Structures are given as structure tokens and as C-alpha cells.
Amino acid sequence: MEQRDVLVVLFDGLQSLDVSGPVEVLSGANVATPGAYRIRTASLDGGPVRTSSGLTLTPDLALADAEPPHTLLVPGGNGTRTPDFRLIDWLRTQAPRARRKVSVCSGALLFAEAGLLDGRRVTTHWALCDTLAQRFPAVRVEPEPIYVQDGDTVTSAGVTAGIDLALALVEQDLGRDLALAIARHLVVFLRRPGNQTQFSAQLAAQTAERRPLRDVQQWITENPAADLSVDALAARAGLSPRHFARAFRDEVGMTPGRYVDRVRLEAARRRLEDTADGIEEVSRHCGYGTPEAMRRAFVRVLGAAPAEYRRRFQPVPALAD
């Protein structure tokens with residue numbers, strides 16, 4: 001069996017979960033398959049680093065002493081905002097020697113700064129996607145997936161998405177059964193596919209400034225099966241349909257119709273994950289009217305029909321420690 005060397009880059013201001021999440025997954029693989037991964041951590045000078053939460057991490061070695069790994073993992077965190085130029089230089093020269101390059105959250109910014117993401121499809125934390133796209137126009141940023149694999153480069157969204165990414169890597173390397181066992185032990189989904197959206201409708205949109213529009217947003221969330229046409233929502237806000245549509249788009253950042261679509265899809269996803277309701281009942285409860293309408297929405301946005309989505313994302317039982 002091939003042993004895969006994994007090198008985790010450490011720097012001041014990193015997000016501790018970006019390191020501990022993937023490392024716990026890979027370490028879990030070693031319990032079932034001893035020697036599957038050799039995991040090491042390295043900082044620029046080999047000294048301890050302080051995470052954004054105040055925890056101190058002590059690396060195994062200095063980056064200069066690290067041999068080219070199979071998998072190079074770069075976490076995110078506040079420390080990516082003003083990175084040490086020496087770290088960028090190291091990534092620029094040494095990262096291409098790794099067989100697989102992985103970033104979690106804003107770690108993608110470090111790869112991009114080193115020129116390693118030009119022409120590639122990537123993602124990062126939803127709040128940083130615009131920044132990444134604006135600063136590095138040669139990078140093809142996809143804001144919604146929780147992780148994206150493009151050749152030998154894998155990038156993921158914020159924090160816990162690093163766990164999803166690591167489970168996907170274990171599944172690629174060692175098989176689905178082992179990934180499932182690790183997921184059960186960690187009490188998480190087997191894995192969320194990369195095309196699952198990383199944020200909710202409420203996070204994706206802005207909160208309206210004016211009270212009537214904020215109230216309408218809340219009403220939509222609480223009543224996805226109601227009449228959510230522009231005319232009905234405008235009447236609830238006490239505005240003309242034309243004025244309402246323009247004000248909603250200006251303050252929320254998307255049209256009322258798109259916001260309603262997102263809320264209904266999210267409501268249906270949650271109901272499929274959390275209940276045993278039938279597909280027809282879910283579609284009716286979430287405002288789709290027919291199962292076929294809901295199926296089209298799921299396939300268009302998530303790449304999976306409702307029944308397949310439920311099969312993937314209903315929680316698995318946890319194993320005892």
C-alpha cells in the first residue's frame with residue numbers, strides 16, 4: 001500500500017479548525033489502515049505559531065527541511081490577509097513539486113498569490129469569493145460549491161468544508177467504506193459533494209435596511225408554500241409591485257424571484273435531510289406545487305434529484321468512541 005506524505009503548512013493567524021478538521025479525518029484513516037498517511041506540520045522557521053483563536057501549534061519541522069509531499073495542505077485564517085513574503089516564495093517554488101495541492105478556506109488566497117491557481121476552477125469561503133476574483137482575475141472562482149477539484153488542485157470553502165474535502169480525499173485514496181467509517185466516528189455526513197451550496201439563502205443575500213422589506217424576507221422564510229409572487233409580497237410590504245421589486249433588488253442584492261427560489265430550495269433540502277416526509281409532501285410544503293417542479297430545481301442547482309439528495313445527506317448513525 002502506498003503511504004501518502006501529507007504536509008500541513010502552519011503560519012501565525014491560521015484558523016485552527018482548518019488544520020485540525022482535515023488532520024482528524026486523515027488520522028482516522030490511519031487507525032483503520034495503519035500507515036495510509038504520514039502527516040507532518042511545518043512552519044517557516046520550524047517554530048510554534050499562534051492561531052487566530054489564540055491556540056499555539058508546534059510544528060514538526062521547518063518548511064525548508066520538508067521533502068516534496070504527496071499532499072500539500074494550506075489552511076486559511078486571518079494570517080492570509082498579510083502573508084509573509086517568504087511563505088509565498090516557498091509556495092511558488094515548492095508547491096508544484098507536490099502531487100496534490102489542497103487549500104481550506106482563505107488558504108486559496110495564498111495559492112493564488114503564489115500564482116498557482118491561474119486558469120483553474122477554485123472556491124473559498126463565500127465571504128472572500130469576490131475578493132479572490134477581483135485580486136486574481138485569471139482565477140476561475142466558483143462561489144457556491146463547498147469544494148472544487150481541478151486536476152491536482154483542490155480548494156474548499158470555510159472551516160468545516162475542510163472536513164468534507166478530507167473525507168472526499170480519503171474516499172478517493174482508500175475507498176468509500178473507510179470514509180463512511182470515519183464520518184460515523186466524527187458524527188458527520190459521509191460527505192457532502194462539492195457541488196452542494198456552501199451557504200444558505202439568508203447568508204447569500206443581504207438583509208434589507210427598511211423594516212417592511214426585512215419583514216417580507218422573514219415572511220418568505222417562514223412561509224415558503226405561500227403565494228410569494230411579487231404582487232403578493234409587494235402588498236405585504238405596502239408598496240407598489242414595481243417599487244417593491246426595485247427596492248428589494250437594491251437592498252437585498254437579488255430579485256424577489258431569485259430570493260424565493262433560494263429559500264424554497266433550502267427549505268426543501270432541510271426537510272429532506274431532517275424528516276421522513278415523502279417527496280410529494282415536501283414539494284407541496286415548500287411551495288413547489290408538484291414533485292416535478294422541485295426535481296427540476298434540485299437538478300439545476302444541486303446536480304441531484306430530491307431522492308438522490310436525501311440518500312446522500314440524511315445523517316448516518318454515530319459509532320461509540
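Numbers here simply count residues along the sequence, with the first being 1. These numbers were taken from a predicted model, which means no experiment stands behind them.
When all heavy atoms of L213 and F248 are compared, the pair lying nearest together is CD1-N, 4.2 Å. Residues P145 and A157 share a closest heavy-atom pair of O-CB, 4.2 Å. Closest approach of P22 to G162, counting heavy atoms only: CG-O, 3.7 Å. Nearest heavy atoms, A98 versus L72: CB-CB, 3.9 Å. Here the closest heavy-atom approach between residue A304 and residue F298 is recorded as O-CB, 3.2 Å. Residues P59 and T41 share a closest heavy-atom pair of CA-OG1, 3.2 Å.
A side-chain donor-acceptor contact under 3.5 Å links Q3 to the backbone of G35. T58 contributes no side-chain N or O that, together with a main-chain N or O of P48, makes up a donor-acceptor pair within less than 3.5 Å. Counting only distance, with no hydrogens or angles, the side chain of R249 and the backbone of T255 share no donor-acceptor pair below 3.5 Å. A distance-only check finds no donor-acceptor pair linking the side chain of T124 to the backbone of L128 [under 3.5 Å]. Remark: the backbone N or O of D150 is not paired with any side-chain donor or acceptor of R121 at under 3.5 angstrom. Judged by distance alone, the side chain of N30 and the main-chain N or O of A36 form a donor-acceptor pair under 3.5 Å. Between the side chain of D18 and the backbone N or O of G76, at least one donor-acceptor pair lies under 3.5 Å. Between the side chain of E251 and the backbone N or O of R210, at least one donor-acceptor pair lies under 3.5 Å. Without hydrogens or angle criteria, S283 side chain to M294 main chain gives no donor-acceptor distance under 3.5 Å.
Only one option out of R97, R100, K101 pairs with D152 in a salt bridge (charged side-chain N to carboxylate O under 4.0 Å, His left out); it is K101. Among V299, I279, V282, the one residue that satisfies the side chain to side chain contact (heavy atoms under 4.5 Å, CB included) test with P306 is I279.
Once rounded to the nearest 0.5 Å, the distance linking CD of E113 with CD1 of I88 reads 5.5 Å. A distance of 10.5 Å separates CD1 in I39 from CG in D5, rounded to the nearest 0.5 Å. The distance from atom CD1 of I182 to atom CG of L174, rounded to the nearest 0.5 Å, is 7.5 Å. Residue L228 holds its CG atom at 7.5 Å from CG of N223, rounded to the nearest 0.5 Å. Rounded to the nearest 0.5 angstrom, T33 OG1 and L178 CG are separated by 5.0 Å. Of the inter-residue distances, the one linking L26 atom CG with L167 atom CG reads 9.0 Å to the nearest 0.5 angstrom.
With no hydrogens or angles considered, no side-chain donor-acceptor pair links Y288 and R264 at under 3.5 Å. A donor atom on one side chain and an acceptor atom on the other are not found under 3.5 Å apart for S229 and D231. T80 and S106 are linked by a side-chain donor-acceptor pair at a separation below 3.5 angstrom, with hydrogens and angles left out of the test. Between the side chains of Q217 and R214, not a single donor N or O lies within less than 3.5 Å of an accepting N or O. Y37 and D173 form a side-chain donor-acceptor contact under 3.5 Å, judged by distance and modelled atom types alone.
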Open item on the list: One pair to check against side-chain contact (heavy atoms from CB on, under 4.5 Å): L57 and T51. What are the steps and the verdict?
Closed with: CA-CA 7 Å; L57 301 181; T51 71; 3.8 Å; yes

Open item on the list: Could you walk me through whether D89 and R86 satisfy the salt bridge (Lys or Arg N to Asp or Glu O under 4.0 Å) test, starting with their C-alpha distance in whole Å, then the side-chain angles of each, then the deciding distance to 0.1 Å, before giving a yes or no?
Closed with: CA-CA 5 Å; D89 285 346; R86 295 175 299 162; over 6 Å; no

Open item on the list: Pair L73, V9 - check side-chain contact (heavy atoms from CB on, under 4.5 Å), show working.
Closed with: CA-CA 6 Å; L73 189 148; V9 176; over 6 Å; no

TODO: Decide side-chain contact (heavy atoms from CB on, under 4.5 Å) for Y259 and I220; before the verdict, give the C-alpha distance in whole Å, the side-chain angles of both, and the deciding distance to 0.1 Å.
DONE: CA-CA 9 Å; Y259 188 80; I220 293 171; 3.9 Å; yes

- [ ] Please lay out, stage by stage, how T155 and Y147 fare under the test side-chain contact (heavy atoms from CB on, under 4.5 Å).
- [x] CA-CA 6 Å; T155 54; Y147 61 84; over 6 Å; no

Open item on the list: Checking E308 against R311 for the salt bridge (Lys or Arg N to Asp or Glu O under 4.0 Å) test, could you report, in this order, the C-alpha distance in whole Å, the side-chain angles of both residues, the deciding distance, and whether it holds?
Closed with: CA-CA 5 Å; E308 172 64 11; R311 186 187 68 79; 2.9 Å; yes

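Two residues are said to be in side-chain contact when any heavy atoms from C-beta on lie closer than 4.5 Å; L116 and P96 meet this criterion. Contact annotation: the side chain of V122 approaches that of L132 to within less than 4.5 Å [non-hydrogen atoms, C-beta and beyond]. Two residues are said to be in side-chain contact when any heavy atoms from C-beta on lie closer than 4.5 Å; V102 and L165 meet this criterion. Annotation: side chain of F111 is in contact with side chain of S103 (closest heavy-atom distance under 4.5 Å). Counting heavy atoms from C-beta outward, V74 and L91 have side chains that approach closer than 4.5 Å. Proximity of P256 to F244: side-chain heavy atoms (C-beta onward) are separated by under 4.5 Å at one or more points. In this structure the side chain of R40 reaches within 4.5 angstrom of the side chain of L61, judged on heavy atoms. Between P75 and Q15 there is no side-chain heavy-atom pair separated by less than 4.5 Å.
Using a cut-off of 4.0 Å between Lys/Arg side-chain N and Asp/Glu carboxylate O, R4 and E2 are scored as salt-bridged. Between E292 and R295 there is a salt bridge, since a side-chain N of the basic residue sits under 4.0 Å from a carboxylate O of the acidic one. Under a 4.0 Å N-O distance rule, the pair R211/D215 qualifies as a salt bridge. R258 has no carboxylate O lying under 4.0 Å from a charged side-chain N of D261, or vice versa, which leaves the two without a salt bridge. Salt bridge R50/D12: absent, no basic N to carboxylate O contact under 4.0 Å. Ion pairing between R262 and E266 fails under the 4.0 Å rule for side-chain N and carboxylate O.
Enclosure of atom CZ in R81 is not indicated, since only 12 or fewer non-hydrogen atoms of other residues, nucleotides or ligands lie within 6.0 angstrom. Heavy atoms of other residues, nucleotides or ligands lying less than 6.0 angstrom from CD of Q172 number more than 12.
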